[in-house]
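Computation of the quantities below employed the complete heavy-atom set of this structure, encompassing side-chain atoms and omitting hydrogens, waters and symmetry-equivalent molecules. The sequence lines fix the lettering, A, B, ..., with proteins before strands; numbering per chain opens at 1.
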Amino acid sequence: MIDRAFFGVDVVSLARRLVGITLLVDGVGGVIVETEAYHRYDDAAAHSARGVTPRTRVMFGPPGHLYVYRSYGLHWCMNVVGGTLPGCAVLLRAIQPTHAVGQMHERRGKVTSRLLCAGPGRLTQALGVNISHNGADLSLPPFTWIIPHRATAVIAGPRIGITKDVHHPWRFTLAGSSFVSRRVG
DNA sequence: CCGCTGATAATCT
DNA sequence: GATTATCAGCGGA
């Protein structure tokens with residue numbers, strides 16, 4: 001079981017540290033290869049930027065819980081609530097599939113291996129995450145974390161798909177990975 | 001490889 | 001009524 005304190009560090013540091021860690025949901029998942037930090041303070045792109053609403057309630061709760069929201073009316077996106085201030089979270093954008101890959105392909109339909117979990121909406125579909133997981137404690141089942149012993153090479157760059165505060169270099173990718181939604185640069 | 005477009009609903013103005 | 005932390009499918013180069 002992961003230490004609860006793992007999530008209680010500065011949210012940008014947390015986003016960087018999550019890259020390289022393996023996350024499983026009911027035994028299905030893989031290595032996190034792409035994340036983005038949303039900071040709440042001085043970050044207009046964060047859902048929490050205008051305070052607590054029914055949707056963003058979980059973002060203002062304790063670190064180490066899951067924030068799930070619907071994107072563009074079609075997709076689910078999953079975030080790790082964390083950081084040292086309320087309203088911060090890390091969007092999980094891509095993983096390298098390693099565990100129960102066959103089950104992920106069943107859920108995703110006819111797609112190539114590279115696109116199985118490359119993108120926030122694809123990732124949640126492959127892992128079977130939806131609104132029923134909103135607010136869940138990430139240190140308990142069905143979530144499993146496998147933290148590598150070796151350090152991970154991580155590249156930082158600007159976030160994707162937003163229109164406000166686009167300059168912050170708060171997107172992190174695993175160096176050299178072909179399983180990201182888009183390469184930095 | 002690249003760019004365009006429609007789908008679809010909660011949230012915000 | 002407009003915007004949105006997106007994706008798949010299509011056509012063209």
Q: Indicate, yes or no, whether a donor-acceptor pair under 3.5 Å links the base of dA5(C) to the side chain of Y69(A).
A: yes
Q) Is any side-chain nitrogen or oxygen of R108(A) closer than 4.0 Å to OP1 or OP2 of dA8(C)? A) yes
(Q) If I take atom CG in residue D165(A) and atom P in nucleotide dT4(C), what distance separates them, rounded to the nearest angstrom? (A) 13 Å
Q) What is the distance, rounded to the nearest whole Å, between atom CG of L74(A) and atom P of dT5(B)? A) 18 Å
Q: Could you give me the CA-CA distance, side-chain angles and deciding distance for Y69(A) and H47(A), then say whether ring-ring contact (aromatic ring centres under 6.0 Å, His included) is met?
A: CA-CA 10 Å; Y69(A) 70 92; H47(A) 288 171; 4.5 Å; yes
Q: Could you pick out which residue, I160(A) or K110(A), lies toward the 5' side of DNA chain C when each is mapped onto its nearest nucleotide?
A: I160(A)
Q: May I have the distance from R183(A) (atom CZ) to dC1(B) (atom C1'), rounded to whole angstrom?
A: 15 Å
Q) Say you draw a straight line from CE of M104(A) to OG1 of T98(A); how long is it, rounded to the nearest 0.5 Å? A) 6.5 Å
Q) With a non-hydrogen cut-off below 4.0 angstrom, is R50(A) in contact with a base, only sugar-phosphate, or nothing? A) sugar-phosphate
Q | Nucleotide forming a Watson-Crick or wobble pair with dT4(C), both distances under 3.5 Å | A | dA9(B)
Q: May I ask you to decide if the ring planes of F6(A) and W145(A) are parallel, tilted or perpendicular, using 30° and 60° as cut-offs?
A: tilted
Q: Using whole Å, report how far CG of N130(A) lies from C1' of dT8(B).
A: 17 Å
(Q) Please report the distance, rounded to the nearest Å, between CH2 in W76(A) and P in dA9(B). (A) 11 Å
Q | Side-chain N,O (R70(A)) to OP1/OP2 (dT4(C)) below 4.0 Å | A | no
Q. Considering only side-chain heavy atoms of R122(A), which listed nucleotide, dA8(C), dT6(C), dT4(C), is closest?
A. dA8(C)
Q | Phosphate OP1/OP2 of dC7(C) contacted by S71(A) side-chain N/O (<4.0 Å) | A | no
**Q.** Exercise: do R108(A) and Q125(A) side chains pair donor with acceptor under 3.5 Å
**A.** yes
Q.
Rounded to whole Å, please give me the gap between OH in Y67(A) and C1' in dA5(C).
A. 9 Å
Q.
Rounding to an integer number of Å, can you tell me how far R55(A) CZ sits from dA9(B) C1'?
A. 11 Å
(Q) Whole angstroms only, please: what is the OH-C1' distance between Y72(A) and dA7(B)? (A) 13 Å
Q: Could you walk me through whether R93(A) and S181(A) pass the side-chain hydrogen bond (donor to acceptor under 3.5 Å, both in side chains) test, one step at a time?
A: CA-CA 7 Å; R93(A) 289 195 55 94; S181(A) 69; 3.3 Å; yes
Q: Indicate whether OP1 or OP2 belonging to dA5(C) is found under 4.0 Å from a side-chain N or O atom of H47(A).
A: yes
Q: Please work out if I162(A) contacts a base, only the sugar-phosphate, or nothing of the nucleic acid, heavy-atom cut-off 4.0 Å.
A: sugar-phosphate
